[in-house]
Amino acid sequence: MNSEIAISIENLGKRYDVDRLKTQDEGLRHLIENALRAPLAVFRKKMHSKRKRDFWALRGVSLQVKRGEVVGIIGRNGAGKSTMLKLLSRITTPSEGRIQINGRVASLLEVGTGFHQELTGRENIFLNGAILGMSRAEIIRKFDEIVEFSEVGDFLDTPVKRYSSGMYVRLAFAVAAHLDPEILIVDEVLAVGDAAFQRKCLGKMSSFAQSGRTVLFVSHNLEAVRTLCERAVWMQDGNVREDGPVDEVVENFFNAISSSSQFSSQNEQYGFEVKRVALKNAGGNEAAQFSPGDDMIVEIDYVANSPLEQPYVILAINGVNGSCFTANMLLDGNRPSSLDGTGKLACRFKALPIFPQSYSVKMSIRTKNGNDRVLDYTDVAFFNVVGDLADYGFRGEFVSRASSSTPVVVPYEWHLPDGTVAHVSLTPNVEASKRPEAVSI
Amino acid sequence: MATTQIIIEAGRTEGQYWRDLWRYRELFLFFAWRDLLVRYKQTAVGISWSLIRPLLTMAVLTVVFGKLGKMPAGGVPYPLLVFCGMLPWLFFSTALTEAGSSLVSNANMVSKVYFPRLAITASSVITSLVDFLISCAFLVALMIWFRYAPPIQVLFVPFFVALVFAASLGVSLWVAALMVKYRDFRFIVPFVVQFGLYISPVGFQSSVVPERFRLLYAMNPMVGIIDGFRWSILGSPRIYVPSLAIAIADVVILLASGIWYFRMTERTFADII
């Protein structure tokens with residue numbers, strides 16, 4: 001075997017039984033009933049299960065990852081990314097195909113799995129470390145480093161149930177970050193935590209990668225993928241759609257999804273379904289392209305089979321550099337008293353003050369306690385802002401760099417030494433924005 | 001650098017199952033430690049609960065079987081007789097209750113992290129063992145109180161502890177694995193535990209069972225185990241060899257089949273839990 005290969009996947013497939021996923025009534029009663037009706041069928045069923053409808057979450061996937069490579073895995077929800085990571089981390093077994101892994105693997109599919117609410121931070125470091133595969137001696141050796149990274153030093157002996165969610169995530173990531181594997185598998189764990197901490201985590205992962213270790217990274221944060229990885233794999237419908245240099249793949253992926261924004265998601269636990277998320281312009285027409293200064297309406301079609309009382313809806317507009325701005329009911333408190341039956345909920349973002357770039361809309365829906373997620377942060381729609389910045393009075397020589405600049409521009413004015421005042425704005429309804437001109441005070 | 005190589009193939013059990021169990025050996029104790037730490041948090045009397053429970057049960061059983069039922073005691077103080085029978089029974093029943101639901105109550109971990117799932121269930125049994133040992137200390141106090149000296153066969157106690165541990169583990173593995181798929185066991189287990197208290201010789205000696213039913217009665221492995229406990233600690237009823245032999249055979253079969261079934265279904269836990 002070639003020792004340069006860290007992970008080798010051949011024709012991998014994972015099948016789920018749709019009937020079972022749907023009804024979940026495969027209780028004892030059924031088994032006994034069936035056994036009484038047709039005593040032999042119970043055994044026969046095991047041998048050939050033609051009757052059942054199968055769903056292949058993953059099929060025919062082949063992939064090779066070299067030692068020291070940092071690979072980003074992107075794709076829409078349900079494309080099979082998480083299934084693949086679960087197979088690689090041996091949480092579940094494949095239905096067909098073969099995986100060969102050379103090296104010690106650590107996988108982080110969720111931050112803080114196995115944390116116990118009643119235990120203190122200190123106790124949880126040990127417990128979580130052990131669950132992730134560290135020995136006691138190893139944890140003791142790295143204990144101080146973990147505490148320092150997590151910045152929760154003063155609360156080490158407080159039960160984690162009293163932690164703020166930020167502290168909780170920091171501690172959890174800190175433990176995982178100090179696993180010392182040769183291959184690191186990370187699923188969307190950075191969706192939680194504040195921006196500063198996200199940067200810190202990305203920094204940790206990139207230093208990890210620079211020390212020649214292999215990283216597999218699943219994220220909806222395309223910019224994180226772009227900065228961290230050199231190679232990206234785009235998965236679609238349980239298959240590898242494209243595999244190549246990160247910039248190309250991410251761009252193709254982005255173009256593909258922004259042209260067909262058809263998000264839907266169903267949460268069976270709460271009987272809540274987001275049927276569709278549409279972006280509309282000020283005229284009420286669906287759109288995927290906006291100009292700076294346009295209004296944008298995010299419209300959510302939902303079906304609530306059981307009423308969802310006082311939910312919180314959180315929308316966030318993300319650009320290439322991360323989150324730009326949000327509309328957050330947790331903060332503004334304007335939540336609906338109840339979502340029941342079929343309905344629409346919309347949010348109008350006024351006069352988008354953003355540069356021509358690519359953006360995504362992330363959405364999260366939480367129950368009335370503000371914590372339980374009916375819908376976890378997910379990209380629900382994508383849009384592009386297009387336009388010639390010259391029309392907005394941007395005449396700098398390097399104006400093309402706006403495509404990778406910080407995207408939000410609040411109206412501002414320069415006061416120059418010679419007494420001129422230059423107004424700058426992306427919003428058309430500010431009088432001076434179209435033609436910033438020298439005005440003497 | 002020695003690199004580990006893992007090969008995962010469809011329809012094949014992993015070759016390194018046992019090596020992984022060894023690598024994660026500390027996890028068994030970590031889970032048990034966690035359960036013990038958490039168990040009595042925010043309770044008023046804390047650890048005393050592991051004494052109060054057997055004590056009250058003993059009192060009730062002594063009154064019901066000893067005083068009201070006038071069961072023979074064979075020269076042993078009745079509370080002592082009951083307590084000796086209750087120790088292994090309580091161990092078995094708490095293990096079954098806790099360990100049986102251990103996988104389901106740790107569902108989140110099972111679907112998000114890899115580790116030998118055996119650790120969850122086995123550590124629950126270890127937690128029950130700790131309770132058992134605390135109660136054992138109390139038994140010593142009780143024997144001093146009744147001025148009852150143990151016979152020489154007290155040396156066999158560790159053997160019977162091992163036997164009841166193996167029995168509890170075997171049954172728990174079955175129940176835990178089955179409960180992942182059939183939540184019905186959530187209802188079956190309390191029923192078995194409640195019923196078992198009366199069909200096992202906890203409140204009475206198995207010698208009260210008519211001779212011709214003795215062998216049939218011994219099919220319940222707890223009969224041989226409880227009798228063995230009484231024999232080795234109190235020395236009173238002579239041991240009934242066939243029932244002990246059946247108990248040992250039962251335990252071996254339960255444990256072996258439990259591990260086998262658990263291992264066979266373990267791979268699908270994350271999918272159906």
Side-chain angles (χ1 to χ4, degrees), chain A residues 1 3 6 8-14 16-17 20-21 24 26-32 86-105 107-110 113-114 116-120 123-124 126-137 159 182 187, chain B residues 1-14 16-17 20 23-42 106-117 119-120 123 178-179 181-188 266-273:
Chain A
M1 278 293 146
S3 66
S8 164
I9 299 172
E10 290 160 36
N11 192 34
L12 192 66
K14 174 71 183 173
Y16 286 101
D17 171 358
R20 180 183 297 165
L21 288 177
Q24 297 205 325
E26 214 173 272
L28 258 191
R29 197 175 61 100
H30 262 71
L31 190 73
I32 295 168
K86 279 192 174 178
L87 290 172
L88 285 171
S89 13
R90 290 194 288 161
I91 290 164
T92 176
T93 47
S95 310
E96 61 179 35
R98 187 173 186 274
I99 304 172
Q100 183 174 337
I101 300 171
N102 300 315
R104 184 180 163 191
V105 181
S107 64
L108 192 56
L109 302 196
E110 185 187 73
T113 312
H116 199 291
Q117 294 293 320
E118 299 283 351
L119 298 180
T120 67
E123 289 161 347
N124 268 313
F126 278 92
L127 181 65
N128 195 230
I131 292 171
L132 294 175
M134 280 195 257
S135 69
R136 210 169 66 91
E182 293 148 280
D187 198 356
Chain B
M1 185 167 59
T3 53
T4 44
Q5 190 184 63
I6 303 164
I7 294 174
I8 306 165
E9 226 169 326
R12 211 186 65 166
T13 42
E14 291 164 50
Q16 51 171 341
Y17 186 79
D20 266 357
R23 190 159 85 79
Y24 280 90
R25 63 192 179 280
E26 287 180 339
L27 194 57
F28 288 74
L29 295 179
F30 267 115
F31 278 137
W33 168 76
R34 174 195 69 171
D35 290 344
L36 287 171
L37 269 183
V38 168
R39 177 110 56 94
Y40 298 114
K41 290 229 166 159
Q42 289 202 1
N106 287 295
N108 187 40
M109 239 188 281
V110 170
S111 55
K112 293 287 185 190
V113 203
Y114 169 80
F115 55 84
R117 278 69 174 90
I120 295 184
S123 70
L178 282 168
M179 201 184 288
K181 200 166 177 191
Y182 306 111
R183 297 292 146 90
D184 308 62
F185 280 88
R186 224 179 237 159
F187 306 101
I188 296 174
E266 190 175 25
R267 303 181 295 146
T268 60
F269 284 170
D271 294 337
I272 57 181
I273 202 161

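The chains referred to below are lettered A, B, ... by the order of the sequence lines, with proteins before strands, and numbering in each begins at 1.
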Going by the angle between their ring planes, with limits at 30° and 60°, are B:Trp33 and B:Phe30 parallel, tilted or perpendicular? perpendicular
If one checks every heavy atom of A:Thr92 against chain B at 4.5 Å, the contacting part turns out to be both
The interface call for A:Gln117 against chain B, heavy-atom contacts under 4.5 Å, is neither
message: Do B:Arg117 and B:Phe269 form a cation-pi contact, if we require the NZ or CZ to be under 6.0 Å from the six-membered ring centre and within 45 degrees of the ring's axis?
response: no
| said: For B:Asp20, is there an ion pair with B:Arg25 - N to carboxylate O distance below 4.0 angstrom? | reply: no
TODO: Would you check, one step at a time, whether the test salt bridge (charged side-chain N to carboxylate O under 4.0 Å, His left out) holds for A:Lys86 with A:Asp187?
DONE: CA-CA 10 Å; A:Lys86 279 192 174 178; A:Asp187 198 356; over 6 Å; no
Max heavy-atom pairs within cutoff under 4.5 Å with chain A, candidates B:Leu178, B:Leu27, B:Val110, goes to B:Leu27
Scored by heavy-atom pairs under 4.5 Å with chain B, the best of A:Ile131, A:Leu119, A:Leu132 is A:Ile131
Turns out that what part of A:Leu87 lies under 4.5 Å from chain B's heavy atoms comes down to backbone
Most contact-rich option vs chain B, by heavy-atom pairs under 4.5 angstrom, among A:Leu127, A:Leu88, A:Leu12, is A:Leu127
Closest non-hydrogen contact found for A:Gly133 with B:Tyr24 is CA-CE2, 3.7 Å
